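Input: a single structure, listed below in structure tokens.
In this text, all values refer to a predicted model and were calculated from it rather than measured experimentally. Residue numbers begin at 1 in each chain, while the letters A, B, ... track the order of the sequences.
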Amino acid sequence: AYTFAAVISACASVKMWQLAINLLRRMDKLGVKKDVVCYNAAVGVCARAGRYKEATELIDEMIRERFRPNVVTYSAAISACEKGKNLKRARELMRRMGRAGVAPNVYTFASLISVCEKAGDWDAARQTLRSMKDWNLAPNAYCFNACIAACEKCGRSREAVELLEEMKAAGVPPDVYSYSSAIGALAKSGNVAWSKMLFDEMNARGVVPNMFTYSQLIIGYDKAGRWQEAIEVLGILRSNRMVPNVVAYGAAINACKNGKQWEKARELFDDMNTLGVKPNQHVFSTLLRASSELRDSAMVTTLLKQMKTAKVEANLITYNACLAAFARSMDLQGALDTLDKIRASGMKPDKVTYSACITVAEKCARWDVALRLMHEMSCDGIRPDTIFFNACISACEKSRQWRKAIEILEDIKREGLQPD
RNA sequence: CCUCAAUAAAAUGUCAAUC
């Protein structure tokens, strides 16, 4: 049974909760006596997989087989409710635990508060924290941190900072989780000055900031429109011999985007590449936007190639971002190629796609292409609006196709739209 | 500490779109 519990528990790292349950069954067949710890291990695996249903079923089974689920069992089952953000279920388990005469411990509460956090209920989180004293339990860092995280998620920076102070008063030293969450809460509420104060405070107290902490700070500067300082944080990170990850870079690049610093965004992206930090779909999208702003359609092509080699999948949004770039640089061929790629990869072009394509055609005075696109669009079941027709008329105008222009005007009326 | 349970992070598309 000792060995089995260890093996069952190991199923968690390979995310195989079914295997964990199967192993329990195998024990019966092999005549090995099961015990509570084996069950707990299996419940723990289900918990990490977010399978609260299976976790609860295991508890039922335990009772049928005359095992007594203990506080570990229930705590694990409660944390299984996190992924599904199922606070109701977690509370049910809490009641069930009480009926079984099992007293909760700090693990139980930390799990329950964490469920509140996932469910986006900061008030429930705080009340749960408060209710610990009814059980003569003193919250530990896990409990406080989960509660601060709940406040952060709900944008309650005031409460997050209060909890941080409460921790100190209770003799629970805030750790890197506590500080990162509180810094994040302040950052998102636009109070980066306070975020920075907490950042300095943690350093003074010997709490070492990690990537989460730095990212939060970057986000704070982003929200405050201070992109220069956002970039500087990356420098601090590096001077501490850390390599910023994709989140830290992504946040800084985003700060550049919001500050319309397209050239800076490109520089950061290059840095990322030289450091071997893999950009993700979001970073690529932002860079595509940058290339659009910089009117650099060569950059678009390069980015697409890089995505391919890096095996980052392009979705319709990515392609539409490319189209926007081609539209700006009046690269009709690039746009039409992108449209082909979209179709070739089995995606359905949407209104945005066609809008961008028709815009390029219009800018290039290609009334024929514009009209063809209009036709293809209606074949795809997308109803053009006045803007589309206007773009087409404009395309005709640029190429002096007066008769065509008038025909389109008639089409507008046929579609039941008002020419403006 | 080790047979079982608990905590945190950013960001994406046409619209400075037609006249």
Side-chain angles (χ1 to χ4, degrees), chain A residues 1-9 35-45 47-48 70-80 82 105-114 117 140-150 152-153 175-184 187-188 210-216 218-219 222 245-255 257-258 280-289 292 315-325 327-328 350-359 362 386-395 397 420:
Chain A
Y2 195 94
T3 314
F4 267 94
V7 175
I8 290 172
S9 181
D35 62 9
V36 177
V37 172
C38 290
Y39 269 107
N40 288 351
V43 174
V45 175
R48 259 165 282 180
N70 60 20
V71 63
V72 175
T73 324
Y74 285 107
S75 303
I78 288 171
S79 75
E82 276 181 45
N105 63 14
V106 282
Y107 282 80
T108 322
F109 276 98
S111 304
L112 186 57
I113 295 169
S114 195
E117 182 251 315
N140 64 7
Y142 282 87
C143 301
F144 276 112
N145 292 348
C147 203
I148 297 175
E152 184 203 348
K153 180 166 275 174
D175 61 14
V176 64
Y177 283 79
S178 334
Y179 277 110
S180 301
S181 296
I183 289 172
K188 282 169 203 149
N210 64 14
M211 203 61 76
F212 282 66
T213 327
Y214 285 110
S215 301
Q216 300 284 25
I218 295 173
I219 292 157
D222 171 18
N245 66 6
V246 63
V247 174
Y249 264 117
I253 289 175
N254 202 47
K257 184 205 83 182
N258 290 330
N280 57 21
Q281 211 182 48
H282 292 287
V283 170
F284 276 114
S285 293
T286 309
L287 260 292
L288 283 167
R289 167 80 187 273
S292 156
N315 59 14
L316 188 59
I317 291 176
T318 320
Y319 283 124
N320 284 345
C322 296
L323 286 170
R328 270 182 188 271
D350 64 3
K351 199 167 171 172
V352 175
T353 314
Y354 282 111
S355 170
C357 289
I358 292 171
T359 302
E362 182 267 322
T386 318
I387 291 166
F388 283 85
F389 287 113
N390 290 349
C392 282
I393 293 176
S394 167
E397 178 196 342
D420 59 13

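- With distances taken from any side-chain atom of A/V72 to the nucleotides B/rU7, B/rA5, B/rU18, the minimum falls on B/rA5.
- In the interface, the side chain of A/Y2 is not paired with the base of B/rU3 through any donor and acceptor atom under 3.5 Å apart.
- Not a single donor-acceptor pair, N or O on each side, falls under 3.5 Å between the base of B/rA10 and the side chain of A/D222.
- Protein atom CZ of A/R289 is 15 Å distant from nucleotide atom P of B/rA11, rounded to whole Å.
- Distance check on atom C1': B/rA5 versus B/rA10 gives 30 Å, rounded to whole Å.
- Counted by atom type alone, A/S75 and A/T108 present one or more donor-acceptor pairs between their side chains at under 3.5 Å.
- For A/N145 against B/rA6, no side-chain N or O and base N or O form a donor-acceptor pair under 3.5 Å.
- With B/rA10, B/rA5, B/rU7 as the choices, the nucleotide that has an atom nearest any side-chain atom of A/N254 turns out to be B/rA10.
- Nucleotide B/rA10 holds its C1' atom 11 Å from the CD1 atom of A/I253, rounded to whole Å.
- Among the atoms of the strands shown, base atoms are found under 4.0 Å from some heavy atom of A/G250.
- One finds the CG atom of A/N280 at 10.0 Å from the CG atom of A/N245 (value rounded to the nearest 0.5 Å).
- Residue A/N258 is classed as having no contact, given no heavy-atom separation below 4.0 Å to the nucleic acid.
- Rounded to whole Å, the separation between the C1' atoms of B/rG13 and B/rA17 comes to 13 Å.
- Residue A/N280 is in base contact, counting any heavy-atom pair closer than 4.0 Å across all strands shown.
- Between the CD1 atom of A/I183 and the P atom of B/rA9 there is a distance of 14 Å, rounded to whole Å.
- Atom C1' of nucleotide B/rC15 and atom CG of A/L323 are separated by 15 Å, given to the nearest angstrom.
- Going from the C1' atom of B/rC4 to that of B/rA8 covers 24 Å, rounded to whole Å.
- As judged by a 4.0 angstrom heavy-atom cut-off over every strand, A/A5 is placed among the base-contacting residues.
- As judged by a 4.0 angstrom heavy-atom cut-off over every strand, A/A41 is placed among residues touching the sugar-phosphate backbone only.
- Among the protein residues, A/S215 comes within range of the nucleic acid bases, having at least one heavy atom under 4.0 Å from a base atom.
- One cannot find a donor-acceptor pair under 3.5 Å joining the base of B/rU18 and the side-chain atoms of A/S394.
- A heavy-atom distance below 4.5 Å is found between the side chains of A/E152 and A/Q216.
- As judged by a 4.0 angstrom heavy-atom cut-off over every strand, A/K351 is placed among residues making no nucleic acid contact.
- The listed nucleotides are B/rA6, B/rA11, B/rU7; the one nearest the side chain of A/S111 is B/rA6.
- Among the protein residues, A/V246 comes within range of the nucleic acid bases, having at least one heavy atom under 4.0 Å from a base atom.
- Residue A/N140 is in base contact, counting any heavy-atom pair closer than 4.0 Å across all strands shown.
- The line from CG of A/D175 to OG of A/S181 is 9.0 Å long, rounded to the nearest 0.5 Å.
- Rounded to the nearest Å, the gap between the C1' atom of B/rU3 and that of B/rU7 is 24 Å.
- For the pair A/K188 NZ and B/rA8 P, the computed distance is 12 Å after rounding to whole Å.
- Within the 4.5 Å cutoff, no side-chain heavy atoms of A/V247 are placed close to those of A/M211.
- With centres under 5.5 Å and a plane angle under 30°, the ring of A/F212 is stacked against the base of B/rA8.
- Here A/E82 lies in heavy-atom contact (under 4.0 Å) with sugar-phosphate atoms only.
- Each of B/rG13, B/rA17, B/rA8 was ranked by its minimum atom distance to the side chain of A/N320; first place goes to B/rG13.
- Straight-line distance from the CD1 atom of A/I78 to the P atom of B/rU7: 13 Å, rounded to whole Å.
- When heavy atoms are screened at a 4.0 angstrom cut-off, A/A149 is found touching the sugar-phosphate backbone but no base atom.
- Comparing B/rU12, B/rU3, B/rA6 against the side chain of A/V37 picks out B/rU3 as the nearest.
- If you check every strand for non-hydrogen atoms under 4.0 Å, A/A76 touches sugar and phosphate atoms only.
- Candidate nucleotides B/rA9, B/rG13, B/rA5 were compared by shortest atom distance to the side chain of A/Q216, and B/rA9 ranks first.
- If you take CZ on A/F212 and CD1 on A/I183, they are separated by 13.5 Å, rounding to the nearest 0.5 Å.
- For the pair A/Y319 OH and B/rU14 C1', the interatomic distance rounds to 18 Å; values are reported in whole Å.
- Using a 4.0 Å heavy-atom distance criterion, A/A327 is classed as making no nucleic acid contact.
- When rounded to the nearest whole Å, the span between CD1 of A/I219 and C1' of B/rA10 equals 4 Å.
- Residue ring and nucleobase are not stacked for A/Y177 and B/rA8 under a centre distance beneath 5.5 angstrom and an angle between planes beneath 30°.
- Residue A/D35 is out of contact with every strand shown, counting any heavy-atom pair closer than 4.0 Å.
- For the C1' atoms, the distance from B/rC15 to B/rC19 is 15 Å, rounded to whole Å.
- At B/rU12, none of the side-chain N or O atoms of A/T286 fall inside 4.0 Å of OP1 or OP2 (strictly under the cut-off).
- Without hydrogens or angle criteria, A/N254 side chain to A/G250 main chain gives no donor-acceptor distance under 3.5 Å.
- For A/S180, the side-chain atoms get nearest to B/rA8 when compared with the rest of B/rA8, B/rA10, B/rA9.
- With A/N320 as the fixed residue, the side chain to side chain contact (heavy atoms under 4.5 Å, CB included) test singles out one of A/T318, A/L316, A/I317: A/L316.
- For A/V36, the side chain to side chain contact (heavy atoms under 4.5 Å, CB included) partners at least two apart in sequence or on another chain are A/N40, A/M62, A/F67, A/N70, A/T73.
- The side chain of A/E152 approaches B/rA8 more closely than any other nucleotide in the set B/rA8, B/rG13, B/rA10.
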